[in-house]
Structure formats: C-alpha cells, structure tokens
There are 2 protein chains.
Amino acid sequence: MKKQATIKDIAKRLNVSISTVSRALKNAPDVSNGTKASILAVAEELHYQPNRLAVSFRVKHTNTIGVIVPNLDYVLSTMVKGIDEVALEAGYTVMVCQSNESFGREVLNTSRMLQSLVDGLIISVSSETKTFDHIKKFQERDLPIVAFDRIVPEIIAPNVILDNEYGGYIATDHLIQQGYRNIAILAGPKNLGISNARMDGYLKALKENNLKVDPKNIIHCDFNQDYAYFATKELLKSKNRPDAIFTISDRMAIGAMIAIKERGLKMPTDIGLVGFNNEPMLSLLTPTISSVEQPMFEIGKMAAKIFIERLHSEESPITTEVLKPTLIIRESSKRIFI
Amino acid sequence: MKKQATIKDIAKRLNVSISTVSRALKNAPDVSNGTKASILAVAEELHYQPNRLAVSFRVKHTNTIGVIVPNLDYVLSTMVKGIDEVALEAGYTVMVCQSNESFGREVLNTSRMLQSLVDGLIISVSSETKTFDHIKKFQERDLPIVAFDRIVPEIIAPNVILDNEYGGYIATDHLIQQGYRNIAILAGPKNLGISNARMDGYLKALKENNLKVDPKNIIHCDFNQDYAYFATKELLKSKNRPDAIFTISDRMAIGAMIAIKERGLKMPTDIGLVGFNNEPMLSLLTPTISSVEQPMFEIGKMAAKIFIERLHSEESPITTEVLKPTLIIRESSKRIFI
DNA sequence: TACGTAACCGGTAACGGTACCGGAAATATC
DNA sequence: GATATTTCCGGTACCGTTACCGGTTACGTA
C-alpha cells in the first residue's frame, strides 16, 4: 500500500493506452462512454489519486495561490479566511505565509513561492517593505498579483483596501455629533498610507463642521499600546486638553483608555474615545469602546475574487476596490441619548 | 523575460552536459572548481531559479510540510508561528490550511495536500473529526504526521500537547490557596479530551486539599461565551453558590464575568475567577482576570521539531510531549496579599 | 462499392531535473 | 613504462502526466 497507483497502472489493467486513461479521467469528449466507465471503475478500485505535482509540472501551473501576510492577527486572519473561502470554492489551494513584518522573510517567502510555481500572489506587504523587486518578479513571469489591506505603491496591480479616509471621517464626525469639539487624533507613523488616509478623514470632518485644526491635537506615534498610553498622558496634561480622542487602531485605543482612567476622567462624559478595527474585546471593556469596523471577510473575498478573474482573463482592468467601514458606537463615545 | 532559465540553458551556454550543471549547482564533489565557478556565474547571469516542481516531482518529496488547524485564533496562530519558525529554519516550507472546525474541510485539505505531495502533516484536528481515515492515508504512504494541541486517538503518532491536567490543577489549587472553598468548574463538552483533562486536574486539587466534590459545581457546557454566561447565572442563583469559578477557556471566563457582575458580586472578594489560555485582553478587563497560560510558541516549535526528526530518521520513537502551562495571577483571584 | 467523415484510441515527445552508469583523461603507484 | 586509481564529465533513463499527431474502425452517403 505504499506506492500510489498511476494512470499507467490502470492502463495496463485494461489494456488501453495511457492517453486514453488520461482523457477519460478528465472526461474528454473523445472517449466512448463504455471505456470511460470501466476506466473510472478501475481508478476507483486502485484508489487512484492524480499526482498533482506531475500535472503541475507538465501544465506549468499549480492551481495554488500564494498569500503573504505580515501576521495572523484578528484582522488579517479573518481576511485570509475570506480569501480561503472563495479560493477553495474555485478549486484553488491557498498557501499562507507570514512575513512577521520582516522584509527578509517576505522576500524569502516570495522566492520560495515563485520556485514552487504558485499561480500568483495575494499580498499584504510588511511594514518594512520599501522596495518591491521581489514582487515585480511575479509580474515578469506574467503571474497576477493583487495587494490587499496595505496598498503597494510602484506596482501596477489591483488593490483591495479599506476606505480609510472614510473611516477616519465617520469616527470623527460621530464625535462631533456627540458634542465633542476639541478632538485629538492618535495617528500612526508619518508617511504610512493608512495612517495618513485616516487622518485625512479626520481633517475633513473637522473642516466640514467648521472646527479649526489644532496641530497639538495631532499625534504621530507607533501603533503599539504603550506609545499611545504615553502620548495620551501628555495630551491630557495640557491646559486645553482634548475632549475626545480618535485612535487609528484599537491597540492604541486601549493605551489611551488606560491613560484616561489614570487621569480620573470618565468616558463618555469627560472625554470621548473611538478606536479602529473593532476587535472583539472592545465590547468587554468598561466602558465598552466605540470603533470603526472593517469588512474584513469581504476584503479577503474580494481580493481572491479579483485575483481569480485576472487569472482567467488576461487583461481585465486593474481596479482598486475600496470597501467602506462602518462605525460601531459603544459607551466610550455615546454622550447624547435620543 | 517571460521564460525561466533552466539547467539546459546554462549547459548549452557553456557546452557542458546538463548532468554537470546539475551537480555543480548542488555543489557535488565530482565537479572541478573551475567549471563549478563558471556554471555558478552563468546561473547568476541568467537569473537561474531551480524549478522546485520538477525537482519535487523527480525526487518524490517536496520539502513542504502541511499544517492543518481548525482556525487561526490567538492560540493556534501563535502555535503556527512556532511551527513556521523552525520549519523555515530547517529549509521547509509550510502550507497552512484552516478546517474551520469542519470535518469536510479537513478531509478536503488532507486530500489536496496528499495530492501535492507534502512531506507530512502537522495537525490539530477539528472538533467534528471523529473518524481518522483521511489521516491514516498519510501513514499508508509512510508520511510522518504529528498531532498537536488536540490529540488524535486511534492514530499512532507523536503528540505535542499541553499538560491540561496540570493546568486544571494549578488553577484550582491557586484558588484553594486563596481561601476559596466551594469551587465550581465550567468544563467543556463531555468526552472532549482537553475538557476532561482539565477537569481531572480540578478534581485532583480538590482531593489533595480534602475538599469534597459537589456534582452541582461541575458544569458541562459549550466553549462559547453565551453558554458560560447562562451557566454561571444559574450557578449563582443556588443557595450554596460557589465562591470561585474555574473556566477551561477565556471565552467562558468572560461569560462568567458578565454574569458575576450582573449579580452584583465583586471579584476577588465575593468570588474568584480563573480562565484558560491567557488571551491578551484579560489584562485589560476590570478586574483583570487570572488565567492559565500555554507555551503556545513552544508547542508549535516542538511539533515542528519532532516532525522534522521523524522525517529524517525513519524510526525515531513515538513520543507524546507534554508541555507545562503556567498560571498568570491577576486581580480576579488574588484575595490574599502577603 | 467506394469514399469521406466522425468517433475513438495509441504512440510519443516533452516538461526540468536527478541518479546512475560508464568512460576518458589525469594522476599516482609500482 | 605499464597498470591502478582518481578526478571529472557525458549519456541516458526516468518520474507521471498531458498535448499533439496520427492511425483505425465504423458508419453514413453517393
């Protein structure tokens, strides 16, 4: 039981040629129903399993799609689940690799994938990634790539991303509607795409509501919780302290929350807080925290869908799909009850 | 730039045979240093990339290891990260698939992996999985498998699991040390391995401390938060209500916490609570919740390590590695201060 | 009857490598 | 100087499958 049956075995068994077996197995039209049936029967009997490696080697594509993500946190892993969903549906196998936010890892992964002939790449680039030659190699081989979550500049490829500006806008606008007037933003690192986009939304909302922008209310800091904690602590010390904070990630919101509590301020009365991503834990905190929710699953599905389209029709247009987030309002920012 | 260079191309270029090129590329001893160098140079120049598919096809193994997990939650995804770590180190590529806790998906995934000739399987089975033929197929083909996280009965293979009994023990013992005497357990579904093991630890701790077991304090319910909430609600109504609860997952602990708060009880004074897994959010709740922490990363690394060992030395012994969890004590159970 | 046309099937090359065998040249051994 | 031994390299079969090119056979049509 160690050796796997091949089409040769079943050909021998029936005294037909391997070509006939090959055709019968893929239900080609030029095989009689009789032989087709007997071939199928013998295949069943011998527990024949096609050797995908041999097929892939022959036909030069593998029906597997490479997926590279910086990590598998809540957001990314549900996006991957979305990719998985439609890929499986369409008969593709998904190969997931994590770059761990490391450029080196990402390059290694792309190289391995290229060598094993994945049919293309769906990628959310690492934060370290500044050059894109490793990705361009896919294009040189005419393999489709689609970027999601984080967009890839310099590369002409479909993108599936969140409308980050809109996310920043609805979060800020909501705070304004709740009567907050001196709203700070804990933005991410400067020059980072999503960070700036979310901040643009913030600025737009302020402008639309005729609120002036106070530079002191715009804080750039790392995504992590501790930075946000210290930044908030500083922010709350100032004489004209903000009465609301919008953070562009939930982790940062947590940091801000801790600083707020330490300062003895109450949410939402003294100060409002809105995060980004809507991680499940937010509804467990006291107070529960408002957040902007991404359609993660849909983003994943969309990315895979577009990928498969491009795989089939050589020159489908290169689009960038922008999905809208929704605001989940909870206690931390709900000051007005109607 | 569309076609990839092959050893044939570089052989032609140098007027040597493809065998020589093949040998030179893998640094075989019977090629002179001179030709080796020139071959390497030309390979570089032509951007030669070995076709892994061709190699795998020829040598009948792929240097990729299949990993199947029920999902990619906090625990599992860091275990996968551990697997990734050592696999990459050892030159293996990892192929991760999620079964979504579905038996059908799991079977599909194993089948695809078998067809694409992964070198073996590292698996945490889905909760639906009751039959194991799809896994046995790997063994029939002499492919190593190792089970982790959830053990696989009926299959003779190395296991890497947590010492769940010990986990239950330290959690319960800690509660006892803190002066709690009437300790309930929210166990998982009956007949589930990890559930029973953790409960055994609970029972052992009670026995060692000469506390009698009250059957009403043992609740079997689903892993999810809502069940735990309702179960706890019932539990707290009884006249002789427990003064501490140990839940075998953090999700359940959350459910219990909500019920406790609703009832107006204070942790840790009125009632103690300990969860399992130590998900990051626990330290953000009020009160912060104690929990048993798994060495997730280590479990993943260990699984991969054992896997690779078995891959290389045909008959290394079949062990089951049992890693110890540690207890993280937080506010929800810390009643005695020294 | 003869011929054209489907319908069906077989033979074979090829995909990119590896492994094995064997041979020639260079070197060592006596 | 003849033989034995390395050292280095080429030839070739082969892995499992598909694609392509033909060749039979059977059947319909004139």
Side-chain angles (χ1 to χ4, degrees), chain A residues 2-40 42-43 46-64 112 114-119 141-143, chain B residues 2-40 42-43 46-64 112 114-119 141-143:
Chain A
K2 201 173 150 186
K3 201 164 175 322
Q4 184 63 15
T6 72
I7 56 168
K8 207 177 287 182
D9 296 321
I10 107 153
K12 206 175 298 169
R13 180 75 162 268
L14 286 168
N15 273 328
V16 295
S17 76
I18 58 168
S19 338
T20 307
V21 176
S22 174
R23 276 181 298 229
L25 253 19
K26 63 170 60 161
N27 206 11
D30 50 353
V31 182
S32 75
N33 288 330
T35 51
K36 209 176 276 186
S38 48
I39 286 172
L40 254 31
V42 175
L46 297 182
H47 298 108
Y48 171 76
Q49 289 265 101
N51 184 327
R52 272 184 88 187
L53 225 53
V55 178
S56 296
F57 172 54
R58 179 67 235 260
V59 303
K60 293 188 171 335
H61 60 95
T62 50
N63 270 279
T64 89
R112 290 243 178 114
L114 224 35
Q115 286 179 14
S116 33
L117 302 193
V118 297
D119 292 352
R141 291 230 223 143
D142 277 345
L143 298 176
Chain B
K2 202 174 149 183
K3 202 165 175 321
Q4 185 64 17
T6 72
I7 56 168
K8 208 175 286 181
D9 297 321
I10 109 153
K12 206 174 298 170
R13 181 76 161 266
L14 286 168
N15 274 330
V16 295
S17 75
I18 58 168
S19 340
T20 307
V21 176
S22 175
R23 277 181 297 231
L25 254 17
K26 64 169 61 161
N27 206 12
D30 51 352
V31 182
S32 75
N33 289 329
T35 52
K36 208 176 275 186
S38 49
I39 285 173
L40 253 31
V42 174
L46 297 182
H47 299 107
Y48 171 76
Q49 288 266 102
N51 184 328
R52 273 185 89 187
L53 226 53
V55 178
S56 298
F57 172 52
R58 179 66 237 261
V59 303
K60 291 189 172 336
H61 60 94
T62 51
N63 270 280
T64 89
R112 291 244 178 111
L114 223 36
Q115 287 179 14
S116 32
L117 303 192
V118 297
D119 291 352
R141 291 230 223 142
D142 277 344
L143 298 176

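Below, chains carry the letters A, B, ... as their sequence lines are ordered, and counting in each starts from 1. The analysis underlying the following values was restricted to heavy atoms, covering all of them including side chains, and did not include hydrogens, waters or symmetry mates. The model shown is predicted, which means the values in this text are computed figures rather than measured ones.
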Report yes if a side-chain nitrogen or oxygen of B:Ser22 is closer than 4.0 Å to either non-bridging phosphate oxygen (OP1 or OP2) of C:dG16; otherwise report no. no
Of the options D:dC9, D:dT17, C:dC8, whose atoms approach the side-chain atoms of A:Ser32 most closely? C:dC8
Using side chain to side chain contact (heavy atoms under 4.5 Å, CB included) as the criterion, list what pairs up with B:Leu40, not counting sequence neighbours. B:Leu25
Roughly how many Å is it from CD1 in A:Ile10 to P in C:dC9, rounded to a whole number? 13 Å
Side chain to side chain donor-acceptor pair (under 3.5 Å) with A:Ser22: which residues, sequence neighbours excluded? none
From D:dG16, C:dC9, D:dC15, pick the nucleotide closest to the side chain of A:Val31? C:dC9
Which nucleotide in the set C:dC8, D:dC15, C:dC15 lies at the smallest distance from any side-chain heavy atom of A:Asp30? C:dC8
Which nucleotide in the set D:dC8, C:dG17, C:dC8 lies at the smallest distance from any side-chain heavy atom of B:Tyr48? C:dG17
Residues of residues 12-21 of chain B with any non-hydrogen atom less than 4.0 angstrom from an atom of DNA chain C: list those, numerically ordered, please. B:Ile18, B:Ser19
Nearest whole Å is fine: how far is D:dG16 C1' from B:Lys60 NZ? 7 Å
Regarding the side chain of B:Lys8, the nearest nucleotide among C:dC9, C:dC15, D:dC15 is C:dC15
Would you say the base of C:dC15 stacks on A:Phe57 (centre-to-centre below 5.5 Å, plane angle below 30°)? yes
Kindly indicate whether the side chain of A:Arg23 and the base of C:dG10 share any N or O donor-acceptor pair separated by less than 3.5 Å? yes
Distance, rounded to the nearest Å, where B:Lys26 contributes NZ and C:dG17 contributes C1': 8 Å
Separation of atom NE2 in B:His61 from atom P in D:dC15, rounded to whole Å: 16 Å
May I ask you to say what A:Ser56 touches in the nucleic acid, namely base, sugar-phosphate or nothing, with a heavy-atom cut-off under 4.0 Å? nothing
Calculate the interatomic distance between B:Arg58 atom CZ and C:dG17 atom P; express it in whole Å. 13 Å
